[in-house]
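Data block below; observations after.
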Amino acid sequence: MAVSIGRCLAVDACLLILTLTCHHSNADNIVAGASTEEAPHRRFEYKYSFKGPHLSQTDGIIPFWVHSGNAIPSADQVRITPSLRSQKGSVWTKNTVNFDHWEVKVTFRVSGRGRMGADGLAIWFTTAQGLDGPVYGAADNWNGIGIFFDSFDNDGKKNNPAVLVVGNNGKLVYDHPNDGTTQALGTCLRDFRNKPYPVRAKITYYKKTLTVLINNGFTPDKDDYEFCTKVDNMIIPQEGYFGISAATGGLADDHDVLSFLTFRLTEPGQDLPAPEAEMPKEEQDKYQEEFENFQQELDKKKDDYQKEHPEVQREPKEMYESVNDREIRQVFEGQNQIHQEIKQLHRQLAMILDEQSRYVSVVTDEISKRHGELVGQAPSQEMGAVVATQQEILRNLNELRNSFHESLKQIDATQHQANPVSMGTYETVQHFNEIQEHLHVVKRNIEHLITRNGSIGCVFTLGEKCPDPPKLPSCLGTIHFLVFVVIQSGLFLSYIMYKSQQEAAAKKFF
């Protein structure tokens, strides 16, 4: 008997495992099929959108939108209702939406002082602009759909704040006592009041399916959406207006909308309509007439200016340089840079030459002074060797200076003779080769001078080194220092005595 019971339990366990495996495989297949579905194409529609930082114009008007009631547009947001009792406000698009599939991203903030708020905010898509009414500040008996963010619990079931999707064909009256729960097509409980970051709602209508995703505003991540509700097989009007409304009652909240972004959704493989097809013929004719009038006024102003300034000739200016012009400009810029570098070297070499000349003159004077004091032939020979070495260095520096001067002359001649037709010819290449050779000669001569100068010591005669520089006198003597210390000590003691007298005088009044 025990064996049969054990066998039965083993069979039941095997059946349960097989059942779970089959369900798991079917769920994986469903998810894989949903993920392989190609996403629709999205196109931003600026005429049905607004956002900061330049949301409204200087006159308080939102481009392509109209506001009513207690709505207050500003540069970075639209305050639909302020936190005052019995306020209503709304904003609506001026133009009708005529595309089949769309997606709306709304960023808003609902904030108030109390633990509870009222009444709430609504996002609309209706056939008419519900500028004023009892349903969250908009008209009742609407034809379309409304997504309500209800913050006050009217029915006392403690099911608020909540998000509801309510459809209407223009004949239903909104059920206020029950917070619209009897008419809701989809709902979810979400607390959207007093969040650290703005709350975001993504509403998508695609292939007769309405999906609502909510970002609760707990993180700054803009794409951190959570699923709220989904309504299948939903039919909405072909054309309509987008709108946002809000209202307050006995309790009040600030209802601020930061952005409203609309996107047109198109099925993959389907072409988008041309912009001309979206604009009515009357508007096209109006804009075309305005453009022609503006063009005529511009041509008239050009003619008047030409008559007033006949010396100004109308010469078309090329906006972009050609390849040849760019190459010529680069060649001239390179020549100018080389020219500036050689001029700088020429100035530095002239300074070195002047210092060397002064050094040779000093050495010659020193030799003439000590010539009568020296006895013997060897010292005079060494002094003669020093003078000969310095004169050789002076001649080398003069040669370097002359070579620099010749290089500058050749560069000037090349720049004056060069033109756009002759650039790239054999003569230009030869000039550059000559300049390069001169620069190599200058480099070798400088290296030779460095090696020669390194081998020459500062010795005038045998065993006689250069005199040490004289010691500079001290800026502060001992007597001056002692006098300064005595004066400073006296001033310090005087200050202490004065301070103690002031404190003693102050204590008499206490």
Side-chain angles (χ1 to χ4, degrees), residues 27-51 64-65 92-93 95-108 121-128 130 142-149 162-170 180 183-188 190 192 199-216 221-244 257 259-275 277-278:
D28 290 342
N29 292 333
I30 292 172
V31 172
S35 61
T36 55
E37 184 179 357
E38 191 173 356
H41 299 292
R42 302 166 72 250
R43 189 176 78 176
F44 178 68
E45 298 291 341
Y46 69 95
K47 289 187 178 181
Y48 309 100
S49 306
F50 64 80
K51 66 175 182 177
F64 306 107
W65 291 73
W92 294 84
T93 57
N95 303 321
T96 58
V97 179
N98 55 4
F99 34 88
D100 299 332
H101 313 294
W102 44 263
E103 180 181 279
V104 170
K105 291 184 178 181
V106 184
T107 305
F108 62 93
L121 180 140
I123 301 173
W124 302 93
F125 180 79
T126 58
T127 55
W142 70 92
N143 184 10
I145 186 173
I147 296 90
F148 303 150
F149 294 83
V163 182
L164 298 87
V165 178
V166 180
N168 198 339
N169 57 2
Q183 302 169 339
L185 302 176
T187 182
C188 68
R190 292 290 185 275
F192 48 82
V199 179
R200 303 175 187 274
K202 181 192 290 186
I203 305 166
T204 306
Y205 181 75
Y206 183 65
K207 293 183 179 180
K208 298 181 181 180
T209 300
L210 184 75
T211 307
V212 180
L213 304 177
I214 303 295
N215 184 335
N216 289 326
D221 187 5
K222 299 180 180 180
D223 298 326
D224 186 15
Y225 287 101
E226 296 178 357
F227 178 78
C228 176
T229 184
K230 182 179 180 181
V231 182
D232 295 325
N233 298 322
M234 187 172 189
I235 306 299
I236 63 174
Q238 184 70 24
E239 294 184 356
Y241 296 89
F242 282 121
I244 309 175
V257 179
S259 66
F260 190 102
L261 307 179
T262 305
F263 299 88
R264 178 200 295 265
L265 301 182
T266 308
E267 297 182 13
Q270 185 178 0
D271 296 334
L272 291 172
E278 301 176 6

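Side chains included, hydrogens not; waters and symmetry mates left out as well; all remaining heavy atoms used. For the single chain, residues carry numbers from 1 onward in sequence order.
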On the 0 to 90° scale, with breaks at 30° and 60°, tag the Phe125-Phe242 ring pair as parallel, tilted or perpendicular.
-> tilted

Which value, rounded to the nearest 0.5 Å, describes the distance between [X] atom [atom1] and [Y] atom [atom2]?
| X | Y | atom1 | atom2 | answer |
| --- | --- | --- | --- | --- |
| Thr93 | Phe50 | OG1 | CZ | 10.5 Å |
| His101 | Thr266 | NE2 | OG1 | 8.0 Å |
| Glu239 | Asn95 | CD | CG | 11.0 Å |
| Ile147 | Leu164 | CD1 | CG | 10.5 Å |
| Leu185 | Leu210 | CG | CG | 9.0 Å |
| Lys207 | Asn233 | NZ | CG | 13.5 Å |

Going through the checks in order, is the side chain to side chain contact (heavy atoms under 4.5 Å, CB included) test met by Thr126 and Asn143?
-> CA-CA 5 Å; Thr126 58; Asn143 184 10; 5.9 Å; no

I'd like to check the side-chain contact (heavy atoms from CB on, under 4.5 Å) partners of [X]; sequence neighbours left out, ordered by chain and number.
| X | result |
| --- | --- |
| Asp232 | Thr209, Lys230 |
| Asp221 | Thr219, Asp223, Asp224 |
| Ala128 | none |
| Gln183 | Val166, Tyr174, Asp175 |

Report yes if the side chains of [X] and [Y] come closer than 4.5 Å at any heavy-atom pair, otherwise no.
| X | Y | result |
| --- | --- | --- |
| Thr211 | Tyr206 | no |
| Thr262 | Val97 | no |
| Ile244 | Trp124 | no |

Heavy-atom closest contact ([X] atom, [Y] atom, distance):
| X | Y | result |
| --- | --- | --- |
| Gly144 | Pro237 | CA-CD, 3.9 Å |
| Ala39 | Pro268 | O-CG, 3.5 Å |
| Arg190 | Cys228 | NH2-CA, 4.4 Å |
| Tyr205 | Met234 | OH-O, 2.7 Å |

Please lay out, stage by stage, how Tyr48 and Val104 fare under the test side chain to side chain contact (heavy atoms under 4.5 Å, CB included).
-> CA-CA 10 Å; Tyr48 309 100; Val104 170; over 6 Å; no

Side chain to side chain contact (heavy atoms under 4.5 Å, CB included) assessment of Lys105 paired with Phe263 = CA-CA 8 Å; Lys105 291 184 178 181; Phe263 299 88; 4.2 Å; yes

May I have the step-by-step check of side chain to side chain contact (heavy atoms under 4.5 Å, CB included) for Trp102 and Glu45, ending in yes or no?
-> CA-CA 10 Å; Trp102 44 263; Glu45 298 291 341; over 6 Å; no

Residue list, ring-ring contact (aromatic ring centres under 6.0 Å, His included) with [X], at least two apart or on another chain:
| X | value |
| --- | --- |
| Phe227 | none |
| Phe192 | Phe149 |
| Tyr46 | Phe64 |

What residues, two or more places apart in sequence or in another chain, satisfy side-chain hydrogen bond (donor to acceptor under 3.5 Å, both in side chains) together with [X]?
| X | result |
| --- | --- |
| Thr229 | none |
| Trp65 | none |
| Trp92 | Ser90 |
| Asn169 | none |

Residue list, salt bridge (Lys or Arg N to Asp or Glu O under 4.0 Å) with Arg200, at least two apart or on another chain = none

Tell me, yes or no, whether the heavy-atom count around Lys202 atom NZ, taken from other residues, nucleotides or ligands under 6.0 Å, exceeds 12.
->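 Yes - once you tally the heavy atoms of other residues, nucleotides and ligands closer than 6.0 Å, there are more than 12.
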
Checking side-chain contact (heavy atoms from CB on, under 4.5 Å) against Glu103, which of Ile203, Leu265, Leu261 comes through?
-> Leu265

Between Asp100, Thr127, Asn98, which is the residue that forms a side chain to side chain donor-acceptor pair (under 3.5 Å) with Gln238?
->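 When Asp100, Thr127, Asn98 are each tested with Gln238, the side chain to side chain donor-acceptor pair (under 3.5 Å) holds only for Asp100.
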
